[in-house]
There are 2 protein chains.
Amino acid sequence: MKVLMAEVNFSEGTNLDIVKQVRDALMSVEGVTMVDENSDKDHNRSVFTYIGTPEAVLEGTKKLSEKAIELIDMTKHTGSHPRMGAIDVVPFIPVRDVTSEEAVEIAKEYATFLGGLGVPVYYYEDASENPDRKTLPKIRKGQYEALEEKMQDEFWRPDAGPFEFNPKSGATVTGARFPLIAFNVNLNTTDIEVGKAIVKTVRAAAGGFTNVRAIALDIPEKNQVQVSMNLTNYEKTPIHRVLETIKFELTRFNVTIADTELVGPLPVYALKDLLQFYIKVNDDFSVDQIFG
Amino acid sequence: MKVLMAEVNFSEGTNLDIVKQVRDALMSVEGVTMVDENSDKDHNRSVFTYIGTPEAVLEGTKKLSEKAIELIDMTKHTGSHPRMGAIDVVPFIPVRDVTSEEAVEIAKEYATFLGGLGVPVYYYEDASENPDRKTLPKIRKGQYEALEEKMQDEFWRPDAGPFEFNPKSGATVTGARFPLIAFNVNLNTTDIEVGKAIVKTVRAAAGGFTNVRAIALDIPEKNQVQVSMNLTNYEKTPIHRVLETIKFELTRFNVTIADTELVGPLPVYALKDLLQFYIKVNDDFSVDQIFG
């Protein structure tokens, strides 16, 4: 059976009545299963992650978006997380028997719908049709506050919807990407320089692994430094390889790993890779054997 | 939600029409999900593993058993696997929010039902009420062929059903136990003595870990020796501890691990332990995060 995932990031994390109405709109669609939901007051932002058939996920995302566009007013929005619109970012993520191309198609159908509601929409990642507008940070640069001025420039003509600033909804970024794994490694050190050195060994931008984004963070309450990572393609750049690299690089600093964190939804195929590496389980093993 | 598992071992693996009728009887009950099914011609035996609410699993097991008792005639059964009855062994296995005591209760309800069909039933493992009749090999000793004579002895008065040999159905063993993990470690050696030495270090009976049953097998077609194990309680004796012990014991023989096998249903909580040990994932990680 085809399974698609969507991860909707929308700009309301304080008024939980609005969050609930948006959630209800989504869950009114049969065949949608929520796998993770998170509302953050400081960010004033919520993230819903859900799966289903491509049809159900598209329909649910439309219903959700209609309600969010109705209830959220970006002219009044503040929050510490970067954002550009009421519906800020919507990646569609292949999970099972869905190709990247199919996910891109769904993203474009969604964009056409959202454009019809008067929202300018930009494609990113695998849906991007412009190499200069491929990553979220590039498209979202300057955030909501810069949008009116950006849209004076032909470069910012949207991929769907009106080429016109919409003060209430802002703009939305959608597209398709591989499931992302949030993986943090906590180090037994208070020396942020060790964390920064480790970041340099693994992050793509510094010569490390393609598909790894990483930053070093202080965690004073635990006397630790965290290497906080996003693995953007666990098939090509699996968890075990990043972790083992961090382990051997740490030896030069005489620093050990305190523990690690897997945050948010974890694809079962990433687990399979871990079993293959750490316990050498052979190819006969299928994730369908897992139960409970 | 409460989830119980049952693993029914019944004495038909050749006539697939009978296997199908038995399967259909089970699946006619709503809320039963098959997680594994296996029919072996040499063994002339099938194993169905399924989960559901305790009520659904009990009801499905009754329906299945009624059909198997009707269709299987033990007076005509041959096969290479030890067996004592048409419905040979039925463990009930707690999976989620079910206690061992609840599983024992279900086993006893099931035994009463089966006894009502004229089948002598013995309790084993956590349901056993007699320390000399706790393990399956002890109860099944001599197999079906010895049953008529055994039942002349007061010691073999069944826990449920008639105290009388039933030639057509034989006798059934039921009870409750922890989920069992079939874990095999394949060694890069053709020397069975190395396998036997490793078996001695891990199996309970030889001074190894409680909850480990193990034998060494030749695998001539792969030029390997296999340490074939059942882990009978992965909470108390987890996979990683057994595997790491095998690794360090192997160093004295200069033998390495070729690969490992996880056979049949694998409880997701056993996976969590592997993540905790091998990648040091911390307590915030929940198996509910796994999707796909």
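The chains referred to below are lettered A, B, ... by the order of the sequence lines, with proteins before strands, and numbering in each begins at 1. Side chains are part of it too, since the values below use all heavy atoms of this structure and drop only hydrogens, waters and symmetry mates. Since we're looking at a predicted model, the values are computed, not measured.
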### Message
Using only non-hydrogen atoms and a strict under-4.5 angstrom cutoff, which residues of residues 88-103 of chain B touch chain A?
### Response
V95(B), R96(B)
#### Entry: chain A-proximal positions within residues 212-222 of chain B [heavy-atom distance under 4.5 Å]
none
Do the side chains of [Y] and [X] get nearer than 4.5 Å, heavy atoms only?
X       : Y       : answer
D288(A) : D36(B)  : no
T49(A)  : F291(B) : no
L274(A) : L274(B) : no
L271(A) : L275(B) : yes

### Query
For atom NZ of K62(B), is the number of surrounding heavy atoms from other residues, nucleotides or ligands below 6.0 Å larger than 12?
yes
### Task
State whether the number of non-hydrogen atoms from other residues, nucleotides or ligands found under 6.0 Å of K272(B) atom NZ is greater than 12.
yes
#### Entry: Contact origin within F277(B) toward chain A - heavy atom pairs under 4.5 Å
neither
### Task
Please state whether the side chain, the backbone, both or neither of A258(B) comes within less than 4.5 Å of a heavy atom of chain A.
backbone
### Query
Between NZ of K280(B) and CG of N186(A), what distance do you get to the nearest 0.5 Å?
10.5 Å
#### Entry: chain B contacts, top residue of L243(A), D284(A), I51(A) (heavy-atom pairs, under 4.5 Å)
L243(A)
## Note on the structure
Among residues 259-266 of chain A, those lying within the under-4.5 Å heavy-atom range of chain B are D259(A), T260(A), E261(A), L262(A), V263(A), G264(A), P265(A), L266(A)
## Note on the structure
Residues passing the side chain to side chain donor-acceptor pair (under 3.5 Å) test with R241(A), sequence neighbours excluded, are none
